[in-house]
Amino acid sequence: MKHKDGKPGPQGTRVFPMTILFVLLCGFSFYLGGIFCSEKNRIEPSDVNDVTKAVQSSKESLVAPLHIKTVSFAECSSDYQDYTPCTDPRRWRKYGVHRLTFMERHCPPVFERKECLVPPPDGYKLPIRWPNSRDECWYRNVPYDWINKQKSNQNWLRKEGEKFLFPGGGTMFPRGVSAYVDLMQDLIPEMKDGTVRTAIDTGCGVASWGGDLLDRGILTVSLAPRDNHEAQVQFALERGIPAILGIISTQRLPFPSNSFDMAHCSRCLIPWTEFGGIYLLEIHRILRPGGFWVLSGPPVNYENRWRGWNTTIEEQKSDYDKLQELLTSLCFKLYNKKDDIAVWKKLSDDSCYNKLNEPDVYPPKCDDSLEPDSGWYTPLRSCVVMAKRLHVAPDRISDVHGGSASAFKHDDSKWRVRLKYYKKLLPAIGTDKIRNVMDMNTVYGGFAAGTIDYPMWVMNVVSSYAANTLPVVYDRGLIGTYHDWCEAFSTYPRTYDLLHLDGLFTAESHRCEMKYVLLEMDRILRPNGYAIVRESSYFVDAVATIAKGMRWGCRKEDTEYGIGKEKVLICQKKLWYSSNRTSR
């Protein structure tokens, strides 16, 4: 093209404006589309999981929902009625006895996983409902005669007819747990004013201490290892008291640092001063600054008790002096003491902890490479774990990648709406039909916080592969644990009334097969118990198919907002009895 004077003009004289116009039109169309889509299917990334779920959901909307063939699972043999895959006594001989490492989690390899349904014991009955369950349970549900014979003289429990009764006694409180806790409250006034909100009981017996604290507004995790005879955790959960299988051995407990306001050991037989005090170092890690460690039993009150402990007064005095020296080096101070109970307080000021930086001090301060809140298959170390800084709830939310006060507030309000809707879908929520509840992949514990006034408790589970929000859960005065759902959970079969998950398969189905997660849910869910499965439309039909093969009844519902890309399954596990007595 030429100018009228005959000289050639620039090649882009007319092309350039057309290019600009094309870009502007495309950008404007994209903007309008974004507005339309955001109003129609709005997803606010209020927490660290929402962004991932939104991106994954958008991908799934481009493909057809996942469908799988109809499946049916056989029954496990009756000798698997109390099967705990990762703490299975049948596999103990494969592991060492040093520091009881064989009692830690040792999950079977994939080729040894069971693909069958764990049966209930013969004569199993639906559990007695709370609060009556605190004082009695059906013998056939936990048929352990050994514990009845060995501990009945200490008033742990006694068998009468078809039931076990729990008088509330224990090795150190044979006259009753209430009188024992009354004395403890006299020694620790903070148990009465709301300062102490969460506690952990190591070596919990049948969890009578934790059960009594529930009436006093203190949420307690009862901890004990799997054993062949006593089934302490199974008794606790059958009674409706929070509990988890675990042992302080070579690995950290599955909790973040600064989690509990109080830790308790009533003749729990943990050798606190051995191995460089490594077990007490773990208690120090999970106890909040200003928190209390309570010990009853040897060597406390050795002056009056030593004759009944098959030892000498000199040995017991030496043990007590060693314990006191170790506690002082860990920045604990003796707070109060009376009769068989001694209480130490974890100091919160810096003056003591600054001394840990001095050379040749034992135990030393841990180096910065050791994450204080890491609690999933993390080895114990002989050093004092120091949090980066001391937090007050909900300040620790700032440590979560993508977390903020506004995200926390949005999550809280979101759960108020959801729970109101869930109660319409499942009216049993808030009644005595549901006591033991697990939120399988919580973020900030919104489900648990929204049900705090219901006659239920919630075990908040944070995935070991997700953002670490469990410290925030504990800062709210709630309880929970880390877990990887590609493995079995640390509990006995038939221990939860309600399981809830929110996008678990969307987030983690790439790591393990869906059927193994659902079979694990079936193992830990009580007969006639419920599951609320909130999932993307891509997964929900496949989940329903597998659930049917596990003898569950499910129905599919819309979410509270009616968004098509996400659905809610309301499922119930049926009660059935074993017809198969051959090993699988």
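Treat the numbers as computed from the prediction; the structure is a model and nothing was measured. These values consider heavy atoms only, across backbone and side chains, with no hydrogens, waters or symmetry-generated copies.
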Next on the checklist: Looking at R494 and Q81, would you say the former's side chain and the latter's main chain have a donor-acceptor pair under 3.5 Å?
Outcome noted: yes
Next on the checklist: Between Y377 and D484, do the side chains contain a donor N or O and an acceptor N or O under 3.5 Å apart?
Outcome noted: no
Checklist entry - Are the side chain of T442 and the backbone N or O of N460 linked by a donor-acceptor pair below 3.5 Å? => result no
Checklist entry - Which residue, V443, T469, V472, forms the side chain to side chain contact (heavy atoms under 4.5 Å, CB included) with V462? => result T469
Item to check | Polar contact flag, side-chain donor to acceptor under 3.5 angstrom, R216-Q185 | outcome: yes
Checklist entry - Is the closest side-chain donor-acceptor distance between Y474 and D261 under 3.5 Å? => result no
Checklist entry - Could you give the distance from CE (M456) to CH2 (W130), rounded to the nearest 0.5 Å? => result 13.5 Å
Checklist entry - Under 6.0 Å from the CD atom of E325, do we count more than 12 heavy atoms belonging to anything else shown? => result no
Checklist entry - How are the rings of W344 and Y320 set relative to one another: parallel (under 30°), tilted (30 to 60°) or perpendicular (over 60°)? => result tilted
Checklist entry - So, does R435 use its side chain to make a donor-acceptor pair with the main chain of G240 at under 3.5 Å? => result yes
Next on the checklist: Between R158 and L165 (side chain of the first, backbone of the second, donor and acceptor by atom type, cut-off under 3.5 Å), is there such a pair?
Outcome noted: no
Checklist entry - Looking at Y516, does the NZ or CZ of R113 lie under 6.0 angstrom from its six-membered ring centre and within 45 degrees of the ring axis? => result yes
Checklist entry - Does E282 pair with R285 as a salt bridge, N-O distance under 4.0 Å? => result yes
Checklist entry - So, does T451 use its side chain to make a donor-acceptor pair with the main chain of Y454 at under 3.5 Å? => result no
Checklist entry - Does the separation of the ring centres of F332 and H284 fall below 6.0 angstrom? => result yes
Next on the checklist: Regarding R526 and D497, does a basic nitrogen lie under 4.0 Å from an acidic carboxylate oxygen?
Outcome noted: yes
Checklist entry - Does the side chain of W138 come under 3.5 Å of the side chain of E238 through a donor N or O and an acceptor N or O? => result no
Checklist entry - Are T250 and T101 linked by a side-chain donor-acceptor pair shorter than 3.5 Å? => result no
Next on the checklist: Donor-acceptor pair, distance only, cut-off 3.5 Å: does the side chain of R197 make one with the backbone of D475?
Outcome noted: yes
Item to check | Heavy-atom neighbours of K317 NZ exceed 12 at 6.0 Å | outcome: no
Next on the checklist: Salt bridge or not between K338 and D186? Use side-chain N to carboxylate O under 4.0 Å.
Outcome noted: no
Item to check | R93 CZ: over 12 foreign heavy atoms closer than 6.0 Å | outcome: no
Next on the checklist: Going by side chain to side chain contact (heavy atoms under 4.5 Å, CB included), L281 matches just one of L326, V384, I248. Which one?
Outcome noted: V384
Next on the checklist: Could you walk me through whether Y496 and W457 satisfy the ring-ring contact (aromatic ring centres under 6.0 Å, His included) test, starting with their C-alpha distance in whole Å, then the side-chain angles of each, then the deciding distance to 0.1 Å, before giving a yes or no?
Outcome noted: CA-CA 10 Å; Y496 284 87; W457 61 270; 5.7 Å; yes
Checklist entry - Using 4.0 Å as the upper bound for N to carboxylate O, is an ion pair formed by E520 and R523? => result yes
Checklist entry - Quick check, are the ring centers of W92 and F102 under 6.0 angstrom apart? => result yes
Item to check | Interatomic spacing from SG in C331 to CE in M386 - rounded to 0.5 Å | outcome: 7.5 Å
Item to check | Lys NZ or Arg CZ of R90 over Y80 ring: under 6.0 Å, within 45° | outcome: yes
Checklist entry - Judged by atom type as modelled, is there a donor-acceptor pair below 3.5 Å linking the side chain of T481 to the main-chain atoms of P254? => result yes
Checklist entry - Between the side chains of S490 and R105, does any donor sit under 3.5 Å from an acceptor? => result yes
Checklist entry - Taking atom types as modelled and ignoring hydrogens, do the side chains of R226 and T84 form a donor-acceptor contact shorter than 3.5 angstrom? => result yes
Next on the checklist: A side-chain contact here means heavy atoms from C-beta on lying under 4.5 Å apart; do H106 and R91 qualify?
Outcome noted: yes
Checklist entry - Would D373 and S257 count as having a side-chain donor-acceptor pair, cut-off 3.5 Å? => result yes
Next on the checklist: Looking only at the side chains, is there a donor atom on one of S318 and E314 sitting less than 3.5 Å from an acceptor on the other?
Outcome noted: no
Item to check | Centroid-centroid distance, H98 to F275, less than 6.0 Å | outcome: yes
Next on the checklist: The criterion is side chain to side chain donor-acceptor pair (under 3.5 Å); which residues satisfy it with S222, sequence neighbours excluded?
Outcome noted: none
Next on the checklist: Any side-chain to backbone donor/acceptor pair from Y302 onto G297? Under 3.5 Å, distance only.
Outcome noted: no
Checklist entry - Does R134 count as lying over the ring of F166, i.e. NZ or CZ under 6.0 Å from the six-ring centre, within 45 degrees of the axis? => result no
Next on the checklist: Using only atom types and a distance under 3.5 Å, with no angle test, would you say the side chain of R140 pairs donor to acceptor with the backbone of K163?
Outcome noted: no
Next on the checklist: Out of the candidates W272, Y335, Y279, F260, only one should pair with W293 under the ring-ring contact (aromatic ring centres under 6.0 Å, His included) rule; please name it.
Outcome noted: W272
Checklist entry - Taking the six-membered ring of F164 as reference, does the NZ or CZ atom of K159 fall below 6.0 Å from its centre and within a 45° cone about the axis? => result no
Item to check | Donor-acceptor contact present, side-chain S463 to main-chain W485, <3.5 Å | outcome: no
